[in-house]
Visitor: 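Sharing a structure below in structure tokens format, with a few things to ask.
Please read all numbers here as calculations on a predicted model, not as lab measurements. Counting starts at 1 for both ligands and their atoms, in listed order. These values consider heavy atoms only, across backbone and side chains, with no hydrogens, waters or symmetry-generated copies.
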Amino acid sequence: MKVAIIGTGYVGLTTGVCLAYIGHLVTCVDIDPAKLELLQRRKSPIHEPGLEELLGTVWNRIGFTSDTSASVADADVIMIAVGTPSKPTGQADNRYVEEAAREVAQGLQPGRNYVLVIKSTVPIGTNRRVVHVVDQVLASRGLKGEIMVRVASNPEFLSEGTALRNMFYPDRIVVGAEDPGSVEILRRLYRPILEQTFDPPPFLPRPEGYDLPPLITTDPVSAEMIKYAANAFLAMKISFINEIAGLCEKVGADVTEVARGIGLDPRIGPRFLEAGLGWGGSCFPKDTAALIAMGRELSYPLRLVEAAREVNTLQRERAVEKLQETLKGVRGRVIGVLGLAFKPGTDDVRESPSLDIIRLLLEREAHVRAHDPVAMANARKALRNAEVEFIEDPYELANGADALVLATAWPEYRQLDLRKLAKTMRTPVLLDGRNLLDPAEAREAGFIYLGVGRQ
Ligand SMILES: NC(=O)c1ccc[n+]([C@@H]2O[C@H](COP(=O)([O-])OP(=O)(O)OC[C@H]3O[C@@H](n4cnc5c(N)ncnc54)[C@H](O)[C@@H]3O)[C@@H](O)[C@H]2O)c1
């Protein structure tokens, strides 16, 4: 099938590369010339394991352009995967989605049938809104009734860092549509994934025991809601264990043991029960805010989701308080922050807990040094006016520091020589904000070790 994807970010690019891999002809559209320039040289603008390699292997079936009209004209399926950032009110800003829908409608050709898929995470009711926007443009072109456009919602559940795995081996594919025709076209589009008939990329074998993913077909409003409910639930789960972690500290329990003990109950499950500095990234913060804003619009407060956000903010503040207490104030202290990405496996620093902690430390007039294996460039941009020293080598970062904060659970931080780190510090305080290290080993190496929810 011919597929055009509008928006070539984390979602659009991963989707495009995977669809090309399973045999479709894909055109990815973006308005960012820097991104397009990199892609045309077969370079991925984002750090996502395996993505650049796979891009090279599908090169004859994928193209990149800024021309929406040309790319959609002869497409069978058009996907909108542009950003939906938060407005100051918390509502998701649908401006880019609507803009993309208008541009798409300008390029559609008479006598053809299209399925227009909304992949972005959008406020409930956006599907209806996009139908209206497209109709308006077609009417203004005098083509109403001459082009069939069916709009479907197909929310995306990939996680950055494991995006390719999530695309090739999803838990489920959700399609919300009013008419069975568009569902059938999307079933055809995803058939190699639904039936697992593709040859796995060599570096991404099919997981053992992987079951065929169900295609969940529903109405557009429910599909839109599924995405928000999934993210809100995951955010609440993390906030729950973080809240329990705080109490563990008060009573002397170990939250990692508690999480293991409750996670083995299949009704609870072990994932997303890691206490730490809280969640961040481009999805949970904005999607929980959007859900709350939708509730507010309808006079239906979402108290659990609100509480999850509050706990998440507190988690950053508590970490900084711990440093304040241990160092007897952070003003003028040198604090080295290990990890800037919002989680390991990505260079995405949007709403990263690490950046929040850096800002809190700067407000308290600490001197901040920072390191990340892949996210330094993005963090530099995000913190452009802040006085942060970016250091390539973690040992240099520790030299003369008063404390280290391990803020992102990069596996490479597990390999650090703790003795070597502690030896050159002014005061060897280590706040392990991800409970990544063994407290006994860290203490043995000379650190004053502070974990989250454990002694
Ligand atoms: N990042 C994730 O992990 C993830 C997971 C699931 C769902 N989502 C959702 O998917 C959507 C996209 O997220 P993302 O992280 O890929 O965003 P992103 O910011 O990485 O990418 C969006 C891209 O769209 C481009 N764009 C904006 N307007 C455009 C237009 N009119 N025409 C062409 N390109 C345009 C931007 O230049 C940008 O490259 C969001 O709604 C997000 O909530 C994201």
Visitor: Take atom CE in Met1; do more than 12 heavy atoms of anything else shown fall under 6.0 Å from it?
Guide: yes

Visitor: Put together the list of close N/O pairs, under 3.5 Å, between ligand 1 and the protein, could you?
Guide:
residue  : atom   : partner : partner atom : Å
ligand 1 : 1 (N)  : Glu160  : OE2          : 2.7
ligand 1 : 1 (N)  : Ser282  : OG           : 3.4
ligand 1 : 3 (O)  : Glu160  : OE2          : 3.3
ligand 1 : 15 (O) : Arg350  : NH2          : 3.1
ligand 1 : 16 (O) : Tyr10   : N            : 3.0
ligand 1 : 16 (O) : Val11   : N            : 2.9
ligand 1 : 19 (O) : Arg350  : NH1          : 3.4
ligand 1 : 20 (O) : Tyr10   : N            : 3.3
ligand 1 : 31 (N) : Glu103  : OE1          : 3.2
ligand 1 : 37 (O) : Asp30   : OD1          : 2.6
ligand 1 : 39 (O) : Asp30   : OD1          : 3.3
ligand 1 : 39 (O) : Asp30   : OD2          : 2.6
ligand 1 : 39 (O) : Lys35   : NZ           : 2.6
ligand 1 : 41 (O) : Thr84   : OG1          : 2.6
ligand 1 : 41 (O) : Thr121  : N            : 2.9
ligand 1 : 43 (O) : Thr121  : OG1          : 3.4
ligand 1 : 43 (O) : Lys286  : NZ           : 2.6

Visitor: According to side chain to side chain donor-acceptor pair (under 3.5 Å), who are the partners of Asn242, at least two apart in sequence or on a separate chain?
Guide: none

Visitor: Determine whether the aromatic ring centres of residues Phe198 and Phe168 are separated by less than 6.0 angstrom.
Guide: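 Yes, the ring centres sit under 6.0 Å apart.
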
Visitor: With sequence neighbours excluded, tell me which residues meet side chain to side chain donor-acceptor pair (under 3.5 Å) with Glu37.
Guide: Arg41

Visitor: Please name the residue in the list Thr65, Asp67, Ile78 that meets the side-chain contact (heavy atoms from CB on, under 4.5 Å) test with Val29.
Guide: Thr65

Visitor: Going by side chain to side chain donor-acceptor pair (under 3.5 Å), name the residues that satisfy it together with Gln91, two or more places apart in sequence or in a different chain.
Guide: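 Residues passing side chain to side chain donor-acceptor pair (under 3.5 Å) with Gln91: Thr89, Glu297.
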
